[in-house]
Number of protein chains: 2
Amino acid sequence: MVTKQVRSTAEDADLARADSLAREIFSDVANKWALLIIEFLGDRTLRFSELRKEVEGISHKMLTQNLRMLERNGLVERTVYPTVPPRVEYTLTAPAQELRETIDGLCRWTRTHMGHIESSRHRFDD
Amino acid sequence: MVTKQVRSTAEDADLARADSLAREIFSDVANKWALLIIEFLGDRTLRFSELRKEVEGISHKMLTQNLRMLERNGLVERTVYPTVPPRVEYTLTAPAQELRETIDGLCRWTRTHMGHIESSRHRFDD
DNA sequence: CGGGATCCGTATCGATACTG
DNA sequence: CAGTATCGATACGGATCCCG
């Protein structure tokens with residue numbers, strides 16, 4: 001166990017960098033649309049328009065924006081077929097598949113506690 | 001397995017309601033600040049000001065706003081001690097504790113794949 | 001068809017000031 | 001100390017148009 005006393009200022013700086021990076025990634029990933037895209041894409045390979053149908057309610061803009069972000073973070077793979085009209089397919093990468101497990105957990109949690117939450121809301125709204 | 005044909009319109013309406021409720025709860029919970037508050041609060045009992053220190057970067061306003069929302073959904077319990085100056089303590093409820101398990105998973109995932117994500121970002125930014 | 005660019009209303013957020 | 005209210009800034013999100 002490394003104590004505060006023997007930790008150099010350089011190591012402190014490293015930890016600070018790691019922390020802010022983790023926070024940054026967390027902010028990217030812990031947003032509604034990103035999580036829904038990952039959840040609905042699952043282990044399938046879908047085109048842009050197909051994915052848009054799956055994640056209902058998402059706008060054209062939000063879908064492209066989030067897909068770019070996920071691609072940048074190495075969570076989705078984007079394959080372009082240079083045909084006309086163009087055909088673009090999206091798949092989750094291995095790290096994203098792991099992430100999907102925990103998102104599944106989040107979805108299960110929601111379904112399990114929906115009733116409790118709904119009644120709690122009604123109690124609160126007085 | 002219930003097929004589409006034998007499902008009544010009333011049952012369809014129920015399913016639609018459940019779906020939109022689930023979406024609503026998901027939108028509440030799957031946001032950066034809410035998740036961080038739950039994660040940092042953990043199994044402790046913290047005052048408003050203590051919690052504000054823990055979740056660094058959160059503004060006074062965002063903290064109150066999210067705490068109200070979490071309280072409404074029955075995820076945090078708010079205890080007011082009518083002293084002067086006032087003392088208000090927050091704790092996670094049982095459902096929120098369960099949720100914390102999956103948030104822990106999300107945090108572990110972030111730490112595990114930080115390196116991969118960072119290098120993927122550098123590759124993308126060209 | 002996929003996606004970039006633009007416009008524009010709205011929700012979000014931070015800072016500040018004020019109450020019990 | 002905890003919380004509400006108000007006010008600007010700006011980021012978000014949707015609608016639309018156009019290009020490959």
Its dot-bracket string being built from Watson-Crick and G-U pairs below 3.5 Å, with | for another strand and [ ] for crossing, DNA chain D has the pattern |||||||||||||||||||.
Taken in chain and number order and not counting sequence neighbours, the residues that satisfy ring pair (Phe, Tyr, Trp, His ring centres under 6.0 Å) with B:W109 are B:H113
Stepwise side-chain contact (heavy atoms from CB on, under 4.5 Å) test for B:T102 and A:I103:
CA-CA 8 Å; B:T102 85; A:I103 301 175; over 6 Å; no
Outermost contacting nts on DNA chain D, any atom under 4.0 Å from chain A heavy atoms, listed 5' then 3', are D:dG13 to D:dG20
Anything under 3.5 Å between a donor and an acceptor, one on a side chain of residues 32-45 of chain A, the other on a protein residue two or more places apart or in another chain? List them.
residue: A:R44; atom: NH2; partner: A:F40; partner atom: O; Å: 2.6
residue: A:R44; atom: NH2; partner: A:E54; partner atom: OE1; Å: 3.1

The complete set of salt bridge (Lys or Arg N to Asp or Glu O under 4.0 Å) pairs with one or both residues in residues 62-71 of chain A, sequence neighbours excluded, reads A:R68-A:E71
So, with a heavy-atom separation below 4.0 Å from DNA chain D, the residues of residues 29-38 of chain B are none
Residues passing the side chain to side chain donor-acceptor pair (under 3.5 Å) test with A:E101, sequence neighbours excluded, are none
Sorted by chain and number, sequence neighbours left out, side chain to side chain donor-acceptor pair (under 3.5 Å) with B:R47 holds for none
| What side-chain hydrogen bond (donor to acceptor under 3.5 Å, both in side chains) pairs are there with at least one residue in residues 75-87 of chain B, not counting sequence neighbours? |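 Output for this query lists B:R78-B:Y90, B:Y81-B:E89, B:R87-B:E89.
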- Message: With side-chain hydrogen bond (donor to acceptor under 3.5 Å, both in side chains) as the rule and sequence neighbours excluded, what pairs involving residues 117-126 of chain A come up?
- Response: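 Every pair satisfying side-chain hydrogen bond (donor to acceptor under 3.5 Å, both in side chains) with a residue in residues 117-126 of chain A: A:R121-B:E24, A:R121-B:D28, A:R121-B:N73, A:D125-B:R72.
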(Q) Can a donor-acceptor pair be found, under 3.5 Å and without considering hydrogens, that links the side chain of B:T93 to the backbone of B:G74? (A) yes
Practice problem: Output yes when a side-chain donor or acceptor of A:T110 lies under 3.5 Å from a complementary backbone atom of A:L106, and no otherwise. | Solution: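 Yes, because the side chain of A:T110 sits within donor-acceptor range (under 3.5 Å) of the backbone of A:L106.
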Polar atom pairs between nucleotides 1-3 of chain C and protein, under 3.5 Å, N or O only, would you list them?
residue: C:dC1; atom: O3'; partner: A:R47; partner atom: NH2; Å: 3.2
residue: C:dG2; atom: OP1; partner: A:R47; partner atom: NE; Å: 3.3
residue: C:dG2; atom: OP1; partner: A:F48; partner atom: N; Å: 3.4
residue: C:dG2; atom: OP2; partner: A:S49; partner atom: N; Å: 3.2
residue: C:dG2; atom: OP2; partner: A:S49; partner atom: OG; Å: 2.8
residue: C:dG3; atom: OP1; partner: A:R68; partner atom: NH2; Å: 3.1
residue: C:dG3; atom: OP1; partner: A:R78; partner atom: NE; Å: 2.7
residue: C:dG3; atom: OP1; partner: A:R78; partner atom: NH2; Å: 2.4
residue: C:dG3; atom: OP1; partner: A:Y90; partner atom: OH; Å: 3.0
residue: C:dG3; atom: OP2; partner: A:Y90; partner atom: OH; Å: 2.9
residue: C:dG3; atom: O5'; partner: A:R68; partner atom: NH2; Å: 3.4
residue: C:dG3; atom: N7; partner: A:H60; partner atom: NE2; Å: 2.6

Identify each donor-acceptor pair in which a side-chain atom of residues 56-65 of chain B lies under 3.5 Å from a protein atom, sequence neighbours left out, and give them as a table.
residue: B:S59; atom: OG; partner: B:M62; partner atom: N; Å: 3.2
residue: B:T64; atom: OG1; partner: B:H60; partner atom: O; Å: 3.3
residue: B:T64; atom: OG1; partner: B:K61; partner atom: O; Å: 2.8

Could you walk me through whether A:L67 and A:L51 pass the side-chain contact (heavy atoms from CB on, under 4.5 Å) check? CA-CA 10 Å; A:L67 282 173; A:L51 194 51; 4.0 Å; yes
